[in-house]
Every structure is written in structure tokens, then in C-alpha cells.
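I have placed the structure first, in the form of C-alpha cells, so that the comments after it can refer back to it.
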Protein chains: 2
Amino acid sequence: MGLPVRKSKVTAPPPACPLTESLALLRGAWAPNVIWYLSAEPRRFGELRHDIPRISARVLSARLRELESRGLVTRRVLDTSPPSAEYALTPLGRELLPAIEALAHVGRKLIDQWELGRQAPRAARVRRVA
Amino acid sequence: MGLPVRKSKVTAPPPACPLTESLALLRGAWAPNVIWYLSAEPRRFGELRHDIPRISARVLSARLRELESRGLVTRRVLDTSPPSAEYALTPLGRELLPAIEALAHVGRKLIDQWELGRQAPRAARVRRVA
DNA sequence: CAGTATCCTGCTCGATACTG
DNA sequence: CAGTATCGAGCAGGATACTG
């Protein structure tokens with residue numbers, strides 16, 4: 001059975017499950033965003049923080065390191081005057097993109113459906129966004 | 001209480017993001033499994049509990065209700081002697097399957113890679129994937 | 001069998017402060 | 001700029017007990 005000592009009881013549903021494995025990676029609801037913003041081009045720590053405004057440095061750092069330890073992201077330190085680091089997706093990391101896109105696709109539908117269902121159960125015409 | 005009220009600060013990254021939307025659904029690391037086990041055929045509450053041994057009734061119930069409220073799952077009460085209920089995926093719910101499969105696919109690779117990295121640490125550096 | 005209520009654990013997150 | 005340490009808060013989840 002695979003997975004080593006997966007955290008604790010919580011966040012550790014079925015053992016050795018591929019699905020759980022990648023899900024654990026997308027954990028925290030931030031990792032997918034990190035991967036997403038990294039997909040276009042390599043980005044620096046600060047840029048990612050800017051891309052994902054509400055993420056804290058603590059969490060971004062943690063996710064990045066986790067992603068790196070799993071071989072999904074690479075970290076390259078540039079020795080510029082103010083030290084900077086550049087993160088990029090590895091080929092394996094890129095394989096997560098289709099899944100993320102598929103998720104986003106359904107998410108889009110869920111949003112549409114939700115909006116439809118709440119404002120016009122019979123004739124949805126007006127689309128008011130909060 | 002749809003999903004407009006974005007829980008709290010935690011678990012509420014970017015606003016109105018499709019990705020976040022579906023991710024919120026897969027939240028808890030259990031929902032995907034529920035969907036997965038429901039994909040083959042409709043199942044009853046107890047069967048799902050059996051399929052996913054470590055899930056508690058409380059959580060399974062919560063997930064099922066959430067999935068139902070989002071229109072991803074239907075619930076049908078059968079009036080048998082001991083009352084039973086049957087859950088099934090809706091067409092929309094089925095649209096989540098490709099995403100889940102994509103996730104599982106990458107998960108599989110992650111596990112393989114991890115196992116490789118642990119049993120052949122010195123022989124083969126696992127830097128490059130594939 | 002199906003499902004809910006209560007209690008308790010602990011993980012993840014954000015804010016803040018600090019180091020290299 | 002990049003990243004870590006500490007602190008407190010909130011939510012998910014397990015276990016158990018109980019109802020229909």
C-alpha cells in the first residue's frame with residue numbers, strides 16, 4: 001500500500017488511491033491556482049502572491065515546497081541584486097493541467113446553473129451579477 | 001444558502017472562479033470518491049458507507065446533501081420494509097467524471113514516481129520524469 | 001437501514017513579525 | 001524580494017448516541 005504516513009486520520013481517506021493522491025495535492029484550495037498561474041510561464045514568488053492576492057506567504061511557500069517535493073514544480077534561484085526565485089511547472093506538473101481545466105469547465109457550469117436556478121426558475125433572461 | 005455566502009475567509013480563495021467552484025465541491029477529499037462509486041451504478045447509503053469504509057455517516061450524509069443541492073446527485077427514497085434510499089449521478093454529475101479520471105491518472109503517476117524515488121534513491125535520480 | 005445531533009480533535013489558513 | 005516562525009481562528013472530520 002502505497003502512501004507513506006499520510007498526515008493523520010483526517011485528510012486520509014482511502015489508502016493508495018490515485019485519486020486521493022492528486023486530491024491531496026490540490027489540497028487547501030490553493031495549489032490548483034498556483035499550478036494554473038504557473039502554466040502560462042515561470043513566475044516568481046512575489047508575482048504569484050500578486051496573482052493570487054488572498055494567499056498568504058506562509059501558505060504559498062508551503063504549497064510551492066510541497067509541489068516541488070512531488071516533482072511538479074521546479075525552483076530556480078536567480079542571483080540578482082534583490083534575490084529572487086523562479087518557479088515553473090515540470091512536465092509532470094503540466095499533466096495536471098487537463099484535470100484542472102476539466103474541473104474549471106464543470107465549475108463554470110455549476111456557476112451558470114446556480115445562477116439560473118436562483119433568479120429565474122421559469123424564464124431566465126436577466127443575468128444580474130451581485 | 002447556496003454557495004454565494006463563501007464560507008469564511010478560509011476555503012474561499014478567488015471569487016467567482018470556476019476552478020474554485022468545483023474544487024469546493026470536491027472538498028473534504030470525500031466527494032470525489034462518492035461520485036466515483038456512484039458512477040458505476042446507483043447506490044444506497046449503506047452501500048456507499050461500505051464502499052468507502054472510513055467515511056463517517058455524518059460526512060457521507062453531508063456530502064450527499066451538498067451534491068444533491070448542486071444538482072449533481074439525485075436521491076430516491078424506496079419504500080421498502082426497512083426504508084432505503086438510492087443515490088445516482090445526474091448528467092451534470094457525470095460531467096465531473098472526466099475531471100476525476102484525469103486527477104486519478106496523475107495521481108497514479110505521482111504514486112509511481114514516489115515509489116521510484118524511495119526505493120532507488122541513489123541509483124536513479126528521479127529528477128526527470130518519464 | 002437511513003440519517004441527524006453533539007462533542008472533540010487537529011489541520012490549514014491568514015495576519016504579523018522577523019531573517020537572509 | 002524571498003521565505004520562515006509564531007499565534008489564534010475556523011471548518012472538516014471521526015466517534016458515539018439517538019430517532020424514524
Side-chain angles (χ1 to χ4, degrees), chain A residues 5-15 20 23-34 38 42-69 73-88, chain B residues 1 3 5-15 20 23-34 38 42-69 73-88:
Chain A
V5 218
R6 210 100 212 92
K7 283 303 140 53
S8 69
K9 56 180 179 181
V10 164
T11 318
T20 301
L23 234 30
L25 216 97
L26 303 188
R27 168 184 55 173
W30 284 123
N33 283 288
V34 171
L38 238 33
R43 292 186 85 67
R44 289 184 298 124
F45 192 87
E47 292 179 315
L48 286 172
R49 286 195 72 179
H50 180 264
D51 290 335
I52 321 171
R54 313 202 186 137
I55 197 173
S56 63
R58 176 175 149 10
V59 172
L60 177 55
S61 177
R63 289 295 151 267
L64 248 15
R65 278 194 291 149
E66 185 172 355
L67 256 18
E68 189 190 357
S69 75
V73 162
T74 57
R75 177 192 149 159
R76 193 169 57 122
V77 177
L78 315 169
D79 60 315
T80 49
S81 7
S84 55
E86 197 171 77
Y87 296 88
Chain B
M1 99 106 193
L3 70 196
V5 194
R6 225 102 192 99
K7 282 308 140 55
S8 70
K9 55 181 180 182
V10 165
T11 319
T20 301
L23 235 31
L25 216 99
L26 303 189
R27 167 184 56 172
W30 284 121
N33 282 287
V34 172
L38 239 31
R43 292 185 85 68
R44 291 184 297 124
F45 193 87
E47 291 179 317
L48 286 173
R49 285 195 73 178
H50 180 264
D51 289 336
I52 321 171
R54 315 205 184 132
I55 197 172
S56 63
R58 177 179 158 349
V59 173
L60 177 56
S61 178
R63 289 295 151 265
L64 247 16
R65 277 166 163 281
E66 186 173 354
L67 257 19
E68 189 189 358
S69 75
V73 162
T74 56
R75 177 194 147 156
R76 192 169 58 120
V77 177
L78 314 169
D79 58 315
T80 49
S81 10
S84 56
E86 196 172 77
Y87 295 88

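Below, chains carry the letters A, B, ... as their sequence lines are ordered, and counting in each starts from 1. In this text, all values refer to a predicted model and were calculated from it rather than measured experimentally.
Nearest to the side chain of B:V59, among C:dG3, D:dG14, C:dC13, sits D:dG14. Relative to the side chain of A:S56, the nucleotides D:dC1, D:dG14, C:dG14 differ in distance, and C:dG14 lies closest. Picking from C:dA2, D:dG20, D:dA12 the nucleotide with the shortest atom distance to the side chain of B:R63 gives D:dA12. Comparing C:dC1, C:dG3, C:dG14 by their nearest atom to the side chain of B:Y87 picks out C:dG3.
To the nearest angstrom, C1' of D:dA2 lies 14 Å from CD of A:E86. Protein atom CZ of A:R54 is 16 Å distant from nucleotide atom P of C:dT16, rounded to whole Å. Separating the CG atom of A:L64 from the P atom of D:dT4 is a distance of 10 Å, rounded to the nearest angstrom. Between the P atom of D:dG13 and the CG atom of B:N33 lies a distance of 11 Å, rounded to the nearest Å. Atom CG in A:L78 sits roughly 21 Å away from atom P in C:dG20 (whole-Å rounding). Nucleotide C:dA15 holds its C1' atom 11 Å from the CZ atom of A:R58, rounded to whole Å. In this structure, A:I55 places its CD1 atom 14 Å from C1' of D:dA2, rounding to the nearest Å. Regarding B:L60, its CG atom lies at a distance of 15 Å from the C1' atom of D:dA15, rounded to whole Å.
A:S69 contributes a side-chain N or O that, together with a main-chain N or O of A:E66, makes up a donor-acceptor pair within less than 3.5 Å.
The heavy-atom pair separating A:R49 from A:L60 by the smallest distance is CG-CD2, 3.4 Å. Contact detail for A:R75 and A:E68: the closest heavy-atom pair is CB-OE2, 3.7 Å.
Both A:P82 and A:A62 sit near DNA chain D, but only A:P82 has its closest nucleotide nearer the 5' end.
A 4.5 Å side-chain heavy-atom check between B:L64 and B:L48 finds at least one atom pair inside the cut-off. Taking the side chain as every heavy atom from C-beta outward, A:W30 and A:R54 approach each other to under 4.5 Å.
Pair check for D:dA2 finds C:dT19; Watson-Crick or G-U wobble, both atom distances under 3.5 Å.
Using a 4.0 Å heavy-atom cutoff across all strands shown, A:R49 reaches no nucleic acid atom at all.
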